[in-house]
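Can you read through this structure? Questions will come right after.
Please read all numbers here as calculations on a predicted model, not as lab measurements. Whatever order the structure lists ligands and atoms in, that order sets their numbers, starting from 1.
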Amino acid sequence: MKKIGVFTSGGDAPGMNAALRAVVRGCIYYGIEVYGIRYGYKGMIEGDIIPLNSHSVSNIIQRAGTVLKSARCQEFREPEGRKKAYDNLKKFGIDALIAIGGDGTFTGAKIFYEEYSIPVIGIPGTIDNDIYGTDKTIGFDTAVNTALSAVDNIRDTADSHDRVFFIEVMGRDSGYIAIQSGIGGGAEMVMVPETKTTINEVIEALQKGWSRSKTSSIVVIAEGDEEGNAFEISEKVKAKVKDLKDIRVTILGHVQRGGTPTAQDRILASRLGLSAVEGLRDGKTGVMVGVINDEVTFTSFGDSITKQKPLNKDLIRMVEILSI
Ligand code: F6P
């Protein structure tokens, strides 16, 4: 293995740059040439590939986003697109890949590896924390802290006006950001896709609080919740409760994808970046590198994509108990 190509793909996540830095510096340390493929699979198809050196990744460990840029690429789903990508890698003499992204990125990497046998290791980078084979994904900790700080701010104004706030956080089909920012922010209720929560249960929780003379309440909703988005849920609640307090809805959205990566994310990313390079050197391929119980592990792409990382149901129970 002489030349590694590295790319970031799918939604960006704070800490991706720290992972890139670790990959580049790890390669240099082991005497491997390293190329950056810009815009993920799109850049692979278009040949947007640049050599990287130690200076290319100076001063980026603290920056969110990805200096390599990212994209979601439809063309790579087609065999013709993947053929173009492979031809470009051959042209640059790239003989192994490191893919930083989420499950969509790993699905592409798995198919590509099966078709062209080019060694590839994935690094989990997504704020959603929805990847099996690692306790945390890069960007999750930062996103939770951003969401938490927003919940705190909203709590201040909710309290002044005796209001009920429905706050929607990201996570696609996963409730990790919601449960952690909800617990950290002392939410009265958290709604996640992993467990069913009815509108009546939400109303009950709110009314319980009011009967104990709570004047404001916060419901944190994961965007993938089965009852709908925060606006829909607030409307459903309004339709059922007559004497409802003033309601407001806040959708946090992409604010959760930016911001200075936390220490945890930078350290996780650095560890995973270097371990990916070392994994390739040890002959590992078709796998994602992760950290479980503080140990570096490798999980097949198949498992990392298809197996569900369960949300600890005890955390949900906790919200109910602690919000009395
Ligand atoms: O996967 C990360 C994520 O931010 C999800 O939480 C969200 O559902 C999605 O990406 C948004 O995607 P986009 O940035 O393409 O709108």
Side-chain angles (χ1 to χ4, degrees), residues 7-20 38-43 63-77 99-109 122-151 166-182 190-194 220-233 249-262 265 268-269 272 288 290 301 304-309 311:
F7 60 97
T8 49
S9 166
D12 62 353
M16 277 185 165
N17 281 330
L20 172 68
R38 287 163 34 90
Y39 296 98
Y41 293 118
K42 182 170 171 282
R63 283 169 58 193
T66 160
V67 294
L68 275 185
K69 310 276 191 164
S70 191
R72 302 192 198 273
C73 177
Q74 196 54 39
E75 208 185 338
F76 197 76
R77 291 170 192 257
I100 308 172
D103 54 358
T105 305
F106 299 156
T107 304
I123 297 179
T126 164
I127 63 165
D128 300 339
N129 198 32
D130 57 349
I131 310 272
Y132 179 88
T134 189
D135 288 341
K136 300 268 164 64
T137 55
I138 296 167
F140 170 63
D141 188 62
T142 308
V144 166
N145 280 291
T146 303
L148 181 58
S149 144
V151 172
F166 290 88
I167 306 174
E168 183 181 301
V169 298
M170 275 188 168
R172 207 180 288 274
D173 302 320
S174 143
Y176 272 92
I177 298 178
I179 195 72
Q180 296 222 348
S181 58
V190 178
M191 299 176 77
V192 292
E194 288 85 350
V220 175
I221 300 165
E223 64 176 339
D225 189 76
E226 73 284 348
E227 282 292 348
N229 64 32
F231 280 107
E232 289 162 347
I233 291 172
V249 173
T250 304
I251 312 278
L252 296 187
H254 287 79
V255 72
Q256 295 157 98
R257 288 250 293 266
T260 308
T262 58
D265 271 330
L268 175 68
L272 294 179
M288 181 200 83
F301 279 142
S304 72
I305 296 160
T306 54
K307 290 198 176 168
Q308 233 228 327
K309 182 157 77 181
L311 190 70

What closest approach, in Å, do Asp128 and Tyr176 show between heavy atoms, and which atom pair accounts for it?
->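 Nearest heavy atoms, Asp128 then Tyr176: O-CB, 3.9 Å.
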If you have a sec, work out which protein heavy atom is nearest atom 16 (O) of ligand 1 and how many Å separate them, to one decimal?
->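 Answer for atom 16 (O) of ligand 1: His254 NE2, 3.3 Å.
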Decide whether Asp141 and Thr262 meet the rule of one side-chain donor and one side-chain acceptor closer than 3.5 Å.
->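 Checked: Asp141/Thr262 side chains pair up, N/O donor to acceptor below 3.5 Å.
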N or O contact, Gly11 vs ligand 1, cut-off under 3.5 Å |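 The answer is no, given that Gly11 and ligand 1 share no N or O pair closer than 3.5 Å.
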Heavy-atom nearest neighbour in the protein, as seen from atom 10 (O) of ligand 1, with distance rounded to 0.1 Å =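 Heavy-atom neighbour on the protein nearest atom 10 (O) of ligand 1: Arg257 NH1, 3.2 Å.
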Atom 8 (O) of ligand 1: the protein heavy-atom neighbour that sits closest, reported with distance to 0.1 Å =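 Ranked first by proximity to atom 8 (O) of ligand 1 is Glu223 OE2, 2.6 Å.
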Is it the case that Lys136 places NZ or CZ above or below the six-membered ring of Phe140, under 6.0 angstrom from the centre and within 45 degrees of the axis?
->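 Relative to the ring axis of Phe140, which defines the angle, Lys136 lies outside at least one limit.
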Tell me which protein heavy atom sits closest to atom 12 (O) of ligand 1, plus the residue, atom name and distance to 0.1 Å.
->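 Of every protein heavy atom, Arg72 NH2, 3.1 Å lies nearest to atom 12 (O) of ligand 1.
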Do His254 and Met170 touch side chain to side chain, with heavy atoms closer than 4.5 Å?
->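 SC-SC contact between His254 and Met170 confirmed.
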Quick one: OG1 on Thr146 to CG on Leu252, what's the gap to the nearest 0.5 Å?
->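 Taking OG1 in Thr146 and CG in Leu252, the distance rounds to 9.5 Å.
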Would you kindly specify which portion of Gln256 sits under 4.0 Å from ligand 1, judged on non-hydrogen atoms: side chain, backbone, both or neither?
->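 Contact part for Gln256 vs ligand 1: neither.
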Atom 1 (O) of ligand 1 [closest protein heavy-atom partner, distance rounded to 0.1 Å] =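 Its nearest protein heavy-atom neighbour is Asp128 OD2, 2.7 Å.
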Are any of the heavy atoms in Gly102 under 4.0 Å away from ligand 1?
->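 Checking ligand 1 against Gly102, which is what was asked, there is no heavy-atom contact under 4.0 Å.
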Would you mind checking which non-hydrogen protein atom is closest to atom 9 (C) of ligand 1, with the distance to 0.1 Å?
->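 Its nearest protein heavy-atom neighbour is Arg172 NH2, 3.5 Å.
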Which of the atoms in ligand 1, numbered in the order shown and given with their element, are less than 4.0 Å from a heavy-atom of Met170?
->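 In order of numbering, the contacting atoms are 4 (O), 6 (O).
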Any Thr66 side-chain heavy atom under 4.5 Å of Asn17 side chain =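 SC-SC contact between Thr66 and Asn17 confirmed.
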Counting only heavy atoms not in Lys69, do more than 12 fall under 6.0 Å of its NZ?
->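 No - once you tally the heavy atoms of other residues, nucleotides and ligands closer than 6.0 Å, there are 12 at most.
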Do you know which two heavy atoms are closest between Ala143 and Ile177, and how far apart they sit?
->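 Shortest heavy-atom separation between Ala143 and Ile177 comes out as CB-CD1, 4.1 Å.
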Under 4.0 Å to a heavy atom of Gly171 - the qualifying atoms of ligand 1, by number =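 This gives 6 (O) as the contact atoms.
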